[in-house]
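Numbering of ligands and ligand atoms starts at 1, following listing order.
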Amino acid sequence: MSGLFFNETLYPGVEVKYACDDILFQDRSEHQDLVLFTNPVFGKVLMLDGITQVTTADEFIYHEMMAHVPILAHGAAREVLIVGGGDCGMAEEALKHKGVERLTQVEIDDAVVDFSKAHFADFNASVFADDRFDLVIADGARYVAETDRRFDVVMVDSTDPMGPGAVLFTQEFYRGVHHCLKPGGVLVTQNGVPFLQKSELVTSIRHFSQIYKDASAYVAAIPTYFGGHMALGWASDDTLLRRVPLEVLEQRFEEAAIDTRYYLPDVHAAAFALPRFIRDAVEEGRKAG
Ligand code: SAM
């Protein structure tokens with residue numbers, strides 16, 4: 001070990017220290033600082049503006065739960081939109097569904113996509129070879145406000161609410177997504193770790209509640225996102241989508257015939273059972289909405 005460390009300083013009072021074996025890439029793009037290094041536990045680690053975005057060791061947890069939960073809950077998703085998602089791991093999971101006819105990804109920073117293509121081929125190579133993948137380099141908030149297209153599922157794989165990602169946590173953005181969702185469509189968002197970032201979840205739920213009939217969250221435990229469960233936001237006008245019976249999920253999962261390492265239909269159903277303090281945060285957001 002070289003003795004070099006990268007510190008993540010997302011939360012006041014807590015610093016997460018990653019040992020760095022090797023720096024593979026380091027640059028400042030038009031939008032953000034970017035570093036890719038290797039760590040003995042997490043494999044390749046991508047940080048943007050000093051905040052961990054993705055690691056090769058545990059990306060499957062976040063990407064499977066963000067993609068398969070809404071797609072299998074919906075049951076007939078053909079048009080899918082990813083906002084952000086520069087490493088293309090989310091796209092890889094979404095494209096595993098043969099029923100998805102077109103997957104549009106709107107990412108603000110082409111530098112993230114270019115270097116992820118070069119360095120994360122282990123999980124995203126199939127995306128760039130898939131004709132259904134449609135990459136748009138643009139601000140996601142602007143895109144949803146202006147597009148004429150309509151989507152069954154929208155997944156927001158954003159950075160945290162700072163820098164270019166801040167706009168993806170605003171009510172105006174969630175309204176833009178609502179306007180480009182087809183009837184029965186669903187929005188999912190990365191909403192931080194509630195133990196450390198409760199206000200992020202409360203604020204998003206408050207915004208969702210003012211626009212969508214159903215505003216909620218589900219959880220997954222992702223080692224990279226330090227602090228316990230990560231909350232994934234859920235917003236839809238179809239109030240039944242987050243209560244699809246287990247037998248139906250099992251049947252859809254079997255028909256989809258996709259390989260997973262975290263997602264299973266019973267894990268999907270259980271992910272909506274929120275620990276008390278997270279449920280309270282969701283309630284607080286709904287009441288304020
Ligand atoms: N899974 C990660 C997490 O939870 O920390 C997020 C990873 S992904 C690499 C986040 C992506 O969102 C980045 O590639 C960033 O460039 C992109 N992004 C940030 N703001 C954006 C915006 N306004 N429009 C589109 N993409 C944006």
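- Those atoms of ligand 1 that come under 4.0 Å of a heavy atom in D87, given as number and element, are 7 (C), 8 (S), 9 (C).
- Counting atoms of ligand 1 from 1 in the listed order, those under 4.0 Å from a heavy atom of D109 are 16 (O).
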- Task: Go through the steps to decide whether V188 and M65 satisfy the test side chain to side chain contact (heavy atoms under 4.5 Å, CB included), and finish with yes or no.
- Result: CA-CA 10 Å; V188 294; M65 288 302 277; over 6 Å; no
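- For an aromatic pair to be called close, the ring centres must be under 6.0 Å apart, and F25 with F37 fails this.
- Backbone and side-chain nitrogen or oxygen atoms of V167 are examined, and none is located within less than 3.5 angstrom of a nitrogen or oxygen of ligand 1.
- For ligand 1 and T52, the ligand atoms under 4.0 Å from any heavy atom of the residue are 5 (O).
- Counted by atom type alone, N191 and S204 present one or more donor-acceptor pairs between their side chains at under 3.5 Å.
- Among all non-hydrogen protein atoms, the one lying nearest atom 26 (N) of ligand 1 is I108 N, 3.2 Å.
- When R279, K198, R206 are each tested for a side-chain hydrogen bond (donor to acceptor under 3.5 Å, both in side chains) with E284, only one passes: K198.
- Side chain of R132 to backbone of V100: a donor-acceptor contact under 3.5 angstrom is found.
- Residue contacts with ligand 1 do not include A141, since none of its heavy atoms lies under 4.0 Å from the ligand.
- Distances shorter than 4.0 angstrom occur between a heavy atom of Y225 and an atom of ligand 1.
- Listed by number with element, the atoms of ligand 1 under 4.0 Å from a non-hydrogen atom of G140 are 22 (C), 24 (N), 25 (C).
- Checking each of H63, H268, E93 against Y263 for a side-chain hydrogen bond (donor to acceptor under 3.5 Å, both in side chains) leaves exactly one that passes, namely H268.
- The contact set between ligand 1 and V106, taken as ligand atoms under 4.0 Å from a residue heavy atom, comprises 25 (C), 26 (N).
- Near D139, with a cut-off below 4.0 Å to any heavy atom, the atoms of ligand 1 are 22 (C), 23 (N), 24 (N).
- Residue contacts with ligand 1 for T159 involve both N, CA, C or O and side-chain atoms from C-beta outward (heavy atoms, distance under 4.0 Å).
- Aromatic ring centroids of H97 and H68 lie under 6.0 Å apart.
- Contacts between P164 and ligand 1 below 4.0 angstrom, taking non-hydrogen atoms only, involve backbone and side chain alike.
- No side-chain heavy atom of R242 sits less than 4.5 Å from a side-chain heavy atom of Y218.
- Put simply, no part of I51 is less than 4.0 Å from ligand 1, judged by heavy atoms.
- Ranked by closest heavy atom to atom 21 (C) of ligand 1, the top entry among I137, L168, D157 is L168.
- Annotation: Y62 is in aromatic contact with Y225 [ring centroid separation under 6.0 Å].
- Atom CG of D134 and atom CD of Q105 lie 10.0 Å apart (nearest 0.5 Å).
- On a distance-only criterion, V83 and ligand 1 share no N/O pair closer than 3.5 Å.
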- Task: Show your working on side chain to side chain contact (heavy atoms under 4.5 Å, CB included) between Q171 and I211 and close with a plain yes or no.
- Result: CA-CA 9 Å; Q171 183 165 155; I211 307 165; 3.8 Å; yes
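- V54 does not count as a contact of ligand 1, since none of its heavy atoms falls under 4.0 Å from the ligand.
- Heavy atoms from both the backbone and the side chain of Q53 come within less than 4.0 Å of ligand 1.
- Of all the atoms in ligand 1, the ones that sit under 4.0 Å from a non-hydrogen atom of Y62 are 1 (N), 4 (O).
- Residues D58 and T224 bring a donor and an acceptor atom of their side chains to less than 3.5 Å of each other.
- Comparing Q32, R142, E107 by heavy-atom distance to atom 11 (C) of ligand 1, the nearest is E107.
- Residue contacts with ligand 1, taken as heavy atom pairs separated by less than 4.0 Å, involve L48 solely via side-chain atoms from C-beta onward.
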